[in-house]
Novice: 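There's a structure below that I have some questions on.
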Amino acid sequence: MYALIDGNNFYVSCERVFRPSLQGRPVIVLSNNDGCAIARSNEAKALGIKMGSPWFQIRHLEEEAGLVALSANFCLYGDMSDRMMGLAAGLGPTQEIYSIDESFVGLDGVRGNLVERAHRIRARILVWTGIPCGIGIGSTKTLAKLANHIAKTAERKPGSYPSELAQVCDLSALPPEELDAVLAATEVGEVWGVGRKIGAQLNDAGVRTVLDLVRSDPATIRRRWGVVLERTVRELQGLPCIGLDDAPAPKKEIACTRSFGRPLTDLVPLIEAVSEFAGRAAEKLRKQDGQAGQVLVFAHTSPHRPGPRFHRSVIVPLRRPSADTPALVRAAVAGVHQLFQPGYALIKAGVILLDLTPASRVQHELSLEDDAPDHGRARLMRAMDTLNGRYGRGTVHSASTGLDDANRAWGMRQERRTPNYTTRWAEVPVARA
DNA sequence: TCTGGGGTCCTAGGACCC
DNA sequence: TCTGGGGTCCTAGGACCC
């Protein structure tokens with residue numbers, strides 16, 4: 001038996017904790033560069049704002065409907081997530097943190113009334129962190145996900161489902177006829193693993209509701225759509241196929257990619273940006289104690305704007321695996337030189353570290369060159385990571401990222417970011433009696 | 001003016017091996 | 001006339017997730 005706990009409209013809820021005046025109002029959080037909506041309060045959803053709606057298309061709602069838009073503050077969300085996850089873990093013996101706002105909890109061995117227990121945990125998270133959650137319970141992860149969707153929808157849209165399923169929904173506790181009614185009232189596209197494409201194909205094949213999918217034949221599904229969807233069907237039928245992953249494997253690739261605040265046409269700022277991305281990616285790489293064998297660099301023009309298109313990527317192999325920022329930055333910059341062509345308005349670039357191996361696996365060799373591995377380098381990198389962790393990102397960085405941080409041609413637009421309420425002493429809110 | 005970022009898994013096809 | 005069988009590894013592309 002599994003539970004899925006997730007924060008409602010998570011980023012918006014984090015912002016509301018520190019700005020209670022946002023309660024009850026339409027609020028969205030924007031992606032990097034204030035490009036499009038990535039989180040929406042219920043009121044914003046009611047205005048018809050879709051996930052991913054471009055900001056310039058919905059901006060008029062500021063005036064017309066009192067919409068509040070905030071720039072994403074990922075430091076805040078990450079810290080609030082840690083607090084929420086710690087409390088959610090109290091629901092059962094094992095936990096898989098699945099995303100910044102969701103975790104699965106294994107419920108094996110938990111005694112007593114699960115629904116009551118879930119309500120207690122939910123209330124505790126709300127009081128202790130200020131984040132409202134939904135909890136779904138089911139005999140498989142896919143059913144727990146579905147139950148979670150129903151718990152949240154029942155709360156947000158009264159009448160959509162029986163009201164006692166709001167906030168906490170245990171599908172395994174429903175009598176068969178009620179379960180069928182709930183599944184028949186849910187579109188197949190809501191199922192975990194059914195996206196836009198497959199959802200449309202299923203609809204064409206006459207499979208419209210979750211009940212239709214549950215009653216379909218797994219072998220037929222497999223022939224047409226493959227093993228992934230077959231597994232989904234079996235999970236919906238109550239056969240566990242996906243286990244709890246409470247010790248996630250190290251990443252197989254690590255990326256740092258960004259859209260620019262404005263298009264770049266010159267080589268120099270592109271080199272600065274890519275150097276910065278390589279440094280950030282290297283930091284993540286060291287955090288998982290890995291090393292990279294290859295560095296991929298890409299840059300491209302906007303798919304949305306007119307003008308000549310450009311989309312290129314280059315893979316630069318490293319002579320030996322490394323987690324050293326200067327080595328990775330050098331490789332990335334070499335890649336930029338290879339792919340760059342003048343005359344294009346580039347709006348995005350990125351660095352992806354590939355071919356990752358644990359740093360503990362070292363290929364020893366006779367060192368004849370002056371860039372041979374050196375334990376002094378590793379200590380230098382650790383010192384850099386510590387400084388940046390303590391005093392803030394960018395305290396120490398490669399000179400090739402440019403020295404004038406404020407005037408970077410490629411900097412992100414973030415005009416509406418809230419303070420780091422919980423992670424920077426200088427920005428902690430002050431309570432007055 | 002103007003549309004995010006970071007991942008995973010599966011499959012098909014080709015190269016290559018014995 | 002006409003060319004096996006079985007396997008691995010790699011890559012690119014597609015679909016999905018949040």
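What's counted below: heavy atoms across the whole structure, side chains too, no hydrogens, waters or symmetry copies.
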Novice: Between B/dG4 atom C1' and A/F298 atom CZ, what is the distance in whole Å?
Specialist: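 Taking CZ of A/F298 and C1' of B/dG4, I get 11 Å after rounding.
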Novice: For A/H311 and A/H300, take the angle between the two ring planes, folded into 0 to 90°, and tell me which bin it lands in: parallel under 30, tilted 30 to 60, perpendicular over 60.
Specialist: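 Aromatic pair A/H311/A/H300 classed parallel.
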Novice: Of the nucleotides C/dC16, B/dT3, C/dC18, which has the atom closest to the A/Y98 side chain?
Specialist: C/dC18
Novice: If you look at every strand shown and take non-hydrogen atoms under 4.0 Å, does A/N33 touch a base, only sugar-phosphate, or nothing?
Specialist: nothing
Novice: Which nucleotide sits closest to the side chain of A/E253: C/dC16, B/dT8, C/dC18?
Specialist: B/dT8
Novice: Quick one: label A/I100 by what it contacts on the DNA or RNA (base, sugar-phosphate, nothing), any heavy atom closer than 4.0 Å.
Specialist: nothing
Novice: Just checking A/I254: base, sugar-phosphate only, or nothing, at a heavy-atom cut-off of under 4.0 Å?
Specialist: sugar-phosphate
Novice: If only side-chain N and O atoms of A/K251 are considered, is one of them under 4.0 Å from the OP1 or OP2 phosphate oxygen of B/dT8?
Specialist: no
Novice: Whole Å only: how far is the CG atom of A/L296 from the P atom of B/dG5?
Specialist: 16 Å
Novice: Look at the side-chain N and O atoms of A/S259 and state whether any lies under 4.0 Å from the OP1 or OP2 oxygen of B/dG5.
Specialist: yes
Novice: May I ask you to say what A/V29 touches in the nucleic acid, namely base, sugar-phosphate or nothing, with a heavy-atom cut-off under 4.0 Å?
Specialist: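 The answer is nothing, as A/V29 stays clear of every strand by at least 4.0 Å.
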Novice: What is the distance from CE of A/M85 to C1' of C/dC18, rounded to the nearest Å?
Specialist: 11 Å
Novice: I'd like to check the salt bridge (Lys or Arg N to Asp or Glu O under 4.0 Å) partners of A/E253; sequence neighbours left out, ordered by chain and number.
Specialist: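 Residues passing salt bridge (Lys or Arg N to Asp or Glu O under 4.0 Å) with A/E253: none at all.
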Novice: B/dT1, OP1 or OP2 - any side-chain N/O from A/R413 closer than 4.0 Å?
Specialist: no
Novice: Given B/dT3, is OP1 or OP2 found less than 4.0 Å from the side-chain N or O atoms of A/R305?
Specialist: yes
Novice: Between P on C/dC18 and CG on A/D245, what's the gap in Å once rounded to a whole number?
Specialist: 16 Å
Novice: Taking atom P of C/dC10 as reference, at what distance in whole Å does atom CG of A/L354 sit?
Specialist: 14 Å
Novice: How many whole angstroms separate atom CD1 of A/I242 from atom C1' of C/dC16?
Specialist: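 My rounded result for the distance is 12 Å.
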Novice: Just compare C/dC17, B/dC2, B/dC10 and give me whichever is closest to any side-chain atom of A/F56.
Specialist: B/dC2
Novice: Taking atom types as modelled, find out whether A/T422 and A/D79 have a side-chain donor-acceptor pair closer than 3.5 angstrom.
Specialist: yes
Novice: With DNA chain B as reference, determine whether A/A255 or A/V228 sits nearer its 5' end, using the nearest nucleotide of each.
Specialist: A/A255
Novice: Between A/I38 (CD1) and B/dG4 (P), how many Å, whole number?
Specialist: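 After rounding, the reported distance stands at 11 Å.
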Novice: Would one find a side-chain N or O of A/K348 under 4.0 angstrom from OP1 or OP2 of B/dG5?
Specialist: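 A/K348 to B/dG5 OP1/OP2: side-chain N or O found under 4.0 Å.
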Novice: Do A/S71 and A/D34 have side-chain N/O donor and acceptor atoms under 3.5 Å apart?
Specialist: yes
Novice: Strictly distance-based, threshold 3.5 Å: is any side-chain N or O of A/N388 a donor or acceptor partner for the main-chain N or O of A/V396?
Specialist: yes
Novice: Taking any heavy-atom pair under 4.0 Å as a contact, classify A/K284: base, sugar-phosphate, or nothing.
Specialist: sugar-phosphate
Novice: With DNA chain B as reference, determine whether A/W55 or A/K252 sits nearer its 5' end, using the nearest nucleotide of each.
Specialist: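 Going by which nucleotide is closer to the 5' end, it is A/W55.
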Novice: Would you tell me whether A/T140 and A/R234 have side-chain atoms, one donor and one acceptor, within less than 3.5 Å of each other?
Specialist: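 Distance-only check fails for A/T140 and A/R234.
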Novice: Give the nucleotide from the list C/dC16, B/dC10, B/dG6 with an atom nearest to the side chain of A/C256.
Specialist: B/dG6
Novice: Considering only atom C1', compute the distance from C/dC17 to B/dG4 and round it to an integer number of Å.
Specialist: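 Straight-line distance between the two C1' atoms is 15 Å.
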Novice: Rounded to whole angstroms, how far apart are CZ on A/F10 and P on C/dC18?
Specialist: 15 Å
Novice: Return no unless some side-chain N or O of A/T257 is found under 4.0 Å from OP1 or OP2 of B/dG6.
Specialist: yes
Novice: Tell me which nucleotide, if any, is Watson-Crick or G-U wobble paired with B/dC10 when both distances must be under 3.5 Å.
Specialist: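 Partner of B/dC10: C/dG13.
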Novice: Look at the side chain of A/E427 and the backbone N and O of A/N420, then say whether any donor-acceptor pair between them is shorter than 3.5 Å.
Specialist: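 Side chain of A/E427 to backbone of A/N420: a pair is present.
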Novice: So A/R258, base contact, sugar-phosphate only, or nothing? Heavy-atom distance under 4.0 Å.
Specialist: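 Sugar-phosphate, no base atom in range.
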